[in-house]
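Here the structure is laid out as structure tokens; the discussion comes afterwards.
Note that the structure is a prediction, hence the values are computed from the model and not measured.
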Amino acid sequence: MSNENNKGFRVKIQRFGSHLSGMVMPNIGAFIAWGIITALFIPKGYFPNEELAQLVDPMIKYLLPLLIGYTGGKMVYDVRGGVVGAIATMGVIVGSDIPMFLGAMIMGPLGGYLIKKVDDLFRGKVKAGFEMLVNNFSAGILGAIITLLALKFVGPLVEALSQMLSSGVEFIVDANLLPLASIIIEPAKVLFLNNAINQGILGPIGVDQAKEVGKSILFLLEANPGPGLGVLLAYSIFGKGTSKQTAPGAAIIHFLGGIHEIYFPYILMKPAMLLAVIGGGMSGVFTFTVFNAGLVATPSPGSIIAIMALSPKGEHLGVLAGVIVAAVVSFVIGAIVLKTSKGEAEDINAAAEKMQELKGKKSSVAGAVTGADASVEAAEAAEATNEAAEFDYSTVKKIIFACDAGMGSSAMGASIMRNKVKKAGIEGVDVTNTSIANLPNDADLVITHKDLTDRAVAKLPNAQHVSVENFMNSPKYDEIINNLK
């Protein structure tokens with residue numbers, strides 16, 4: 001019962017983080033545009049320009065919160081919800097002197113939810129010919145009311161909350177305790193809980209800090225690719241079997257492409273490697289603080305290219321030093337973990353190779369040590385294959401890869417599957433990727449990481465769902481191709 005409760009709690013946090021990231025991630029381009037303009041034209045920028053720098057304040061105060069509010073409302077109730085969400089967001093913007101990202105994350109979905117309920121109230125009760133009139137005025141009246149309420153009540157409350165969070169972060173920074181944040185952030189990333197932390201707390205406070213001083217270290221806490229790079233390099237040298245073969249390619253994709261999800265299976269396969277990413281993260285953050293490093297905006301994806309591009313003028317060395325130190329420390333700890341692992345761990349890895357599957361939980365992998373447990377796993381695998389065979393793959397027209405944000409690991413998985421579909425000569429099957437929150441109703445087959453499958457099933461119960469351990473290297477892809485044939 002306890003494990004089920006813990007799993008349910010984790011899923012709830014993942015869902016909450018997914019909603020937050022669902023409002024922010026589609027608008028990351030706008031955040032980067034603001035960051036580039038800030039880095040270039042503010043007085044301390046690369047090319048100081050007073051006229052062009054006038055864009056900085058309106059963009060962060062109006063454009064970005066309105067985009068978040070619109071997206072949040074649209075997630076709840078399509079375009080109509082987005083419009084009312086944007087109207088409601090204006091209330092918190094005008095009622096505050098700080099960038100109102102938290103307010104937008106509240107008022108956007110709330111506006112979409114309320115207009116949906118109003119439409120449900122009037123559905124079937126409006127006489128023919130009056131639908132447009134009622135629709136427009138109901139949205140306008142509701143929007144005006146909640147905007148006024150947001151101005152008078154929500155805005156001041158959110159501003160007070162933001163100031164309290166900012167004060168807490170400043171206290172942690174002043175007390176030199178910020179490196180300890182990695183103890184929470186690094187495991188949270190592996191469990192797909194990072195969005196709740198990054199988009200809900202670090203991002204909004206970081207933007208506020210960047211507005212005041214031109215940069216924020218908070219943008220580097222979760223995005224630093226150093227810890228993951230160190231783990232993958234350790235596997236590249238000291239790993240065995242599939243893990244050693246795939247780690248070099250994964251390191252390139254992680255470090256240059258910024259897809260952090262690619263190293264998660266390597267951690268899950270050997271949970272002691274959490275020590276490596278935590279140690280790397282802490283040392284990296286400590287280095288950032290020593291150099292007083294920060295970024296001008298959120299780097300997304302967390303690629304070294306994006307991080308360098310968003311580093312303030314003349315401060316690339318401090319940012320790069322933090323990434324390198326994190327990678328070195330993570331590599332050293334990871335190498336020690338791999339070299340001191342008991343022989344059983346290597347047998348588990350070999351068994352995982354034999355089963356053609358990277359195992360995500362330590363208990364699941366350890367079960368392959370004995371012959372009896374291996375037989376159980378073989379039976380479970382056979383049962384899964386039989387269940388897949390019962391599904392009518394001839395009806396599949398749309399395959400969706402889904403992850404938390406819909407931009408990282410799912411994009412890689414979809415790319416791999418598209419190539420397999422093309423090479424197999426299968427026509428009429430569309431392969432795309434999206435976030436779990438935006439799964440389309442016409443999806444026939446949904447592929448997710450095993451830790452996210454429950455949420456995908458809850459979102460789209462009528463589709464066929466397939467769980468994988470690793471988006472980059474799953475034998476289930478070939479099974480799907482064979483079934484499609």
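- For Arg80, the salt bridge (charged side-chain N to carboxylate O under 4.0 Å, His left out) criterion is met by Asp119, not counting sequence neighbours.
- Under the side chain to side chain donor-acceptor pair (under 3.5 Å) criterion, Tyr477 pairs with no residue, sequence neighbours left out.
- Between Leu220 and Leu295 there is a side-chain heavy-atom pair separated by less than 4.5 Å.
- Take Lys74 and apply the side chain to side chain donor-acceptor pair (under 3.5 Å) test, not counting sequence neighbours, and it matches no residue.
- If you take CZ on Phe331 and CG on Leu338, they are separated by 9.5 Å, rounding to the nearest 0.5 Å.
- No side-chain heavy atom of Met273 sits under 4.5 Å from any side-chain heavy atom of Val277.
- Residues Ile278 and Pro187 have side chains in contact (heavy-atom distance under 4.5 Å, counting atoms from C-beta outward).
- In this view, Ser283 satisfies the side chain to side chain donor-acceptor pair (under 3.5 Å) rule with no residue, not counting sequence neighbours.
- Contacts of Phe288 classified as ring-ring contact (aromatic ring centres under 6.0 Å, His included), with partners at least two apart in sequence or in another chain: none.
- Considering only heavy atoms from C-beta on, Val323 stays 4.5 Å or farther from Leu229 through its side chain.
- Remark: Thr289 engages no residue in a side chain to side chain donor-acceptor pair (under 3.5 Å) (not counting sequence neighbours).
- Within the 3.5 Å criterion, the main-chain N or O of Met308 finds a donor-acceptor partner in the side chain of His316.
- Pairs engaging residues 422-433 under the salt bridge (Lys or Arg N to Asp or Glu O under 4.0 Å) rule: none recorded [sequence neighbours left out].
- In this structure, the side-chain contact (heavy atoms from CB on, under 4.5 Å) partners of Ala443, at least two apart in sequence or on a different chain, are Ile400, Pro440, Val446, Leu460.
- Partners of Asp478 by salt bridge (charged side-chain N to carboxylate O under 4.0 Å, His left out), not counting sequence neighbours, listed by chain and number: Lys420.
- Atoms CD1 and CG, on Ile253 and Leu232 in that order, are 10.0 Å from each other to the nearest 0.5 Å.
- Residues meeting the ring-ring contact (aromatic ring centres under 6.0 Å, His included) test with Phe31, sequence neighbours left out: Phe101.
- When the side-chain contact (heavy atoms from CB on, under 4.5 Å) test is applied to Val76, the partners found at least two apart in sequence or on another chain are Pro109, Tyr113.
- In this structure, Ile237 CD1 and Lys244 NZ are separated by 8.5 Å, a value rounded to the nearest 0.5 Å.
- Partners of His260 by ring-ring contact (aromatic ring centres under 6.0 Å, His included), not counting sequence neighbours, listed by chain and number: His254.
- Atom OG1 of Thr89 and atom CG of Leu64 lie 12.0 Å apart (nearest 0.5 Å).
- Side-chain contact between Leu114 and Val84: absent, with no pair of heavy atoms (C-beta onward) separated by less than 4.5 Å.
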